[in-house]
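Here's the structure, in structure tokens; my notes come after.
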Amino acid sequence: LFAHNTSSGLFCILLFFQWSMTALAFFISTFLSKSTTATLVGFVVFIVGILVQMTVSNGSGAPFRKGMGDDIEGKLIQMVFSIFPPALLAKSIRDFGQATADSQYGGVAWEDLDAYC
């Protein structure tokens, strides 16, 4: 994954994931007043994030697989999953891994970052 893809693309993915998780943490913290509640909510967000990453990075790639967003229900499911940053991180790492495994591409270069999907 790291040897065949552009390092700046991977850096941007990880940087944007970090920024979006920070923004999500600030958003959630506006609704919490006690530190014990914040600890519990943080743990729940962590567990849900792991489950979402496992769902997105499985063999079928649901809910981001091709043809999923053709109807209104599929678009709604994709929008809901896109709000949560671990889903987008799992999708991007899965896409980079598929581009690396495919002999046609051999990885993702910066100039064709949108051509692999």
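These figures come from a predicted structure and were not determined experimentally. Numbers for residues simply follow the sequence, beginning at 1.
- Clustering of Ile, Leu, Val, Met, Phe, Trp and Tyr by side-chain heavy atoms under 4.5 Å joins M79 with none of the others.
- Heavy-atom minimum distance, S82 versus L88: O-CD1, 3.4 Å.
- What you find for V52 and A87 is that their closest heavy atoms are CG1-CB, 3.4 Å.
- Qualifying ring-ring contact (aromatic ring centres under 6.0 Å, His included) partners for F16, counting only residues two or more places apart in sequence or in other chains: W19.
- Across every non-hydrogen atom of G49 and F84, the tightest pair is CA-CE2, 3.4 Å.
- Summarising the geometry of A38 relative to L32, their closest heavy-atom pair is CA-CD1, 3.7 Å, with the distance given to 0.1 Å.
- In this structure the side chain of L14 reaches within 4.5 angstrom of the side chain of L89, judged on heavy atoms.
- By the criterion of side-chain heavy atoms lying less than 4.5 angstrom apart, applied directly or through intervening Ile, Leu, Val, Met, Phe, Trp or Tyr residues, I50 is not grouped with V41; the two fall into different hydrophobic clusters.
- V44 and L24 fall within the same hydrophobic cluster, defined by Ile, Leu, Val, Met, Phe, Trp and Tyr side-chain heavy atoms under 4.5 Å apart, directly or through other members.
- Annotation for R94 and S57: closest pair CD-CA, 3.9 Å, computed over non-hydrogen atoms.
- To the nearest 0.5 angstrom, L51 atom CG is 10.0 Å from Q53 atom CD.
- Both V48 and I93 sit in one connected hydrophobic cluster of ILVMFWY residues. Membership requires side-chain heavy atoms under 4.5 Å apart, directly or through other members.
- For I72, the CD1 atom is loosely surrounded, since the number of other residues' heavy atoms within 6.0 Å does not exceed 12.
- In the hydrophobic cluster analysis, where Ile, Leu, Val, Met, Phe, Trp and Tyr join through side-chain heavy atoms closer than 4.5 angstrom, I28 is grouped together with F81.
- There is no path of hydrophobic side-chain contacts, each under 4.5 Å, that joins L40 to F46.
- When the ring-ring contact (aromatic ring centres under 6.0 Å, His included) test is applied to F27, the partners found at least two apart in sequence or on another chain are F31.
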